[in-house]
There are 2 protein chains.
Amino acid sequence: MKIISYNLNGFRSAMGKGLADWVAETRPDVLCVQEIKAGREPLDVSALTGLGYHAYLHPAQKPGYSGVATFSLQKPLAVVEGCGQSCYDDEGRVLRLNFEHCSVLNTYMPSGTSGPERQAFKVEWLHFFRRYVRELQGAGVPPLVIAGDYNCCQEEIDIRNAKTNLNSPGFTPEERQWFRDFLADGFTDSFRHHHGPVPDRYSWWTFRAGARARNVGWRLDHLLVDNALVPHIRHADLLHDVVHSDHCPAVVELAF
Amino acid sequence: MKIISYNLNGFRSAMGKGLADWVAETRPDVLCVQEIKAGREPLDVSALTGLGYHAYLHPAQKPGYSGVATFSLQKPLAVVEGCGQSCYDDEGRVLRLNFEHCSVLNTYMPSGTSGPERQAFKVEWLHFFRRYVRELQGAGVPPLVIAGDYNCCQEEIDIRNAKTNLNSPGFTPEERQWFRDFLADGFTDSFRHHHGPVPDRYSWWTFRAGARARNVGWRLDHLLVDNALVPHIRHADLLHDVVHSDHCPAVVELAF
DNA sequence: CTTAGAACG
DNA sequence: CGTTCTAAG
């Protein structure tokens, strides 16, 4: 079961850069995309449904902003749109698909880079999300795969310029502690588990100043899996040469 | 004296398409541009001043909207920014440069295509402008050359689809009558005077549906000259193959 | 269809 | 730096 998480920075923009061809080649079982930046009307998913995918959308209320979508070759056993909290659901941040062996939760976590207000919103979200996932864990859903743009970097190895970003949104001590606590609730970072402490592996690069060419990046996109799924991990990676966005795709392969 | 009127649909956009090179080749004595769509700060006129031009700007208050500018090889004897009516001057619609033999009035007349409110504003403007020009005529300024985007078409010969546009803003009976009245106040349409009733000569084409390639256009950009200047007209034309904008330049050459 | 600004990232 | 929206044409 190949699961991909990919922040597209605009579904239509990514489609214009050949996303559908790449999906056809790569053929993930489940493709979780974030920042679709379009609602149901302006979105045309026919190029992906034409490849055999079932399409599930959770757009934001605000046009052109945020939003997640999940594409699945298999028809999921259940689909849950949103997290039940309108302040988050209005921004299109959570979409969950249940399968036989796992539940794939697609999330686009808030960015705090716009200012202190949004950073505060993000921190509230983080705590809400941890509680929300704990509830899911206790509710008998299949083991979770939490795919998404976390907008959070874990350790110094996950960011090129750790020293200069010690207080940057996405790498604050508070967020890094949150990440450790979240993992302690029973999750494993599939990329780090599979690769060990390899440096210089990122999933996002600012568009400015040729950051991607110089690999000045952050690892923000993660596929965290329930610890129970760890024995099933066959592969995990960041596809840094796939370029439809300022993020690159993250992939995990699970064998059941 | 070669005078050019050119609606640029964005000074910066036109510069990006090679406007400065074209000015260097064409070397008009006076270049009147409209819809500069930028204020003094975002505008960089150094490529034209570097060619020896004096630059005079009359931007709109609203960023990215309207605005005229005139570039002159000779230093004008006087420069008058605006028409003294704040509702028009706030939109950057009038800029006049006096020279020895003529006064070059650069104008960007309002468009009425946004809706009835703006069409009403345009009609008010037309009547105001006629009065304003009459005052200038009586005030001892040198004979006028009124260069600009009039957003008005005169006769059926000046528009490709006259029949379907009999009530379109820019070709309403009211505006066409205004044009005749304006000419009757002592002006000559230099293009029509020089070429006679040649059809299919336009200065604007919508960006939609390949209108320019099919020459589905309107003649909206005019160089009207005081009748006293008519004996000095040596040449007049519309430079339809000059493409930095949805308009093309209009040119008149006067010999003194 | 295109420009340019704003919001957001 | 780049996407999308909106206003305006």
Side-chain angles (χ1 to χ4, degrees), chain A residues 7-17 19 34-39 41-43 59-67 91-92 108-115 117-119 121-122 149 151 168-170 204-214 216 218 220-221 243-247, chain B residues 7-17 19 34-39 41-43 59-67 91-92 108-115 117-119 121-122 149 151 168-170 204-214 216 218 220-221 243-247:
Chain A
N7 178 318
L8 297 180
N9 189 29
F11 182 87
R12 287 165 292 180
S13 167
M15 289 298 273
K17 293 170 184 161
L19 181 72
Q34 303 89 33
E35 278 205 275
I36 57 176
K37 290 190 172 184
E41 292 314 300
L43 225 62
Q61 303 261 306
K62 181 171 169 176
Y65 176 69
S66 186
E91 297 190 357
Y108 172 48
M109 302 205 182
S111 165
T113 56
S114 299
E117 227 166 68
R118 289 301 290 178
Q119 178 65 12
F121 179 82
K122 176 184 186 176
D149 176 359
N151 264 315
S168 300
W204 174 79
W205 304 262
T206 173
F207 279 121
R208 286 164 243 192
R212 191 160 185 172
R214 297 181 293 123
V216 179
W218 300 47
L220 299 176
D221 299 270
V243 185
H244 310 100
S245 164
D246 52 346
H247 293 248
Chain B
N7 179 318
L8 297 180
N9 189 30
F11 182 89
R12 285 166 292 179
S13 167
M15 288 298 274
K17 293 169 183 160
L19 180 72
Q34 303 89 33
E35 279 205 272
I36 57 176
K37 290 190 172 185
E41 291 315 300
L43 224 63
Q61 303 260 306
K62 181 171 168 174
Y65 177 70
S66 185
E91 297 191 356
Y108 172 48
M109 302 205 183
S111 166
T113 56
S114 300
E117 227 166 68
R118 289 300 290 179
Q119 178 66 11
F121 179 82
K122 175 184 186 175
D149 176 358
N151 264 316
S168 300
W204 175 80
W205 305 261
T206 174
F207 279 122
R208 287 164 243 190
R212 191 160 185 172
R214 297 181 294 123
V216 179
W218 300 47
L220 298 176
D221 299 87
V243 186
H244 309 100
S245 165
D246 51 346
H247 293 248

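Quick note on labels: first sequence line is chain A, next is B, and so on, each numbered from 1. If you're wondering where the values come from, they're calculated on a predicted model, not measured in any experiment.
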Starting from [atom2] on [N], measure out to [atom1] on [X] and report it in whole angstrom.
{"X": "Asn7(A)", "N": "dG2(D)", "atom1": "CG", "atom2": "P", "value": "16 Å"}
{"X": "Phe207(B)", "N": "dC1(C)", "atom1": "CZ", "atom2": "P", "value": "11 Å"}
{"X": "Asn9(B)", "N": "dT2(C)", "atom1": "CG", "atom2": "P", "value": "10 Å"}
{"X": "Glu91(A)", "N": "dT4(D)", "atom1": "CD", "atom2": "C1'", "value": "16 Å"}
{"X": "Glu117(A)", "N": "dA7(C)", "atom1": "CD", "atom2": "P", "value": "13 Å"}
{"X": "Gln34(B)", "N": "dT3(C)", "atom1": "CD", "atom2": "C1'", "value": "16 Å"}
{"X": "Tyr108(B)", "N": "dT3(C)", "atom1": "OH", "atom2": "P", "value": "15 Å"}
{"X": "His247(B)", "N": "dT2(C)", "atom1": "NE2", "atom2": "C1'", "value": "12 Å"}

Does [X] place a side-chain N or O at less than 4.0 Å from the phosphate oxygens OP1/OP2 of [N]?
{"X": "Lys17(A)", "N": "dT3(D)", "result": "yes"}
{"X": "Ser114(A)", "N": "dC8(C)", "result": "no"}
{"X": "Tyr65(A)", "N": "dT3(D)", "result": "no"}
{"X": "Ser13(A)", "N": "dT3(D)", "result": "yes"}
{"X": "Lys122(A)", "N": "dC8(C)", "result": "no"}
{"X": "Lys62(B)", "N": "dA8(D)", "result": "yes"}

Spacing of Lys17(A) atom NZ and Ser245(A) atom OG [to the nearest 0.5 Å]
7.0 Å
Mind checking the CH2-CG spacing from Trp204(B) to Leu220(B)? Nearest 0.5 Å is all I need.
7.0 Å
Which is more 5' along DNA chain D, the nucleotide nearest Ala209(A) or the one nearest Arg12(A)? Just name the residue.
Ala209(A)
Shortest non-hydrogen contact from Lys122(B) to Pro169(B)?
NZ-C, 4.2 Å
Flag side-chain contact, heavy atom, 4.5 Å: Tyr108(A) against Asn151(A):
yes
Polar contact flag, side-chain donor to acceptor under 3.5 angstrom, Asn9(B)-Lys37(B):
yes
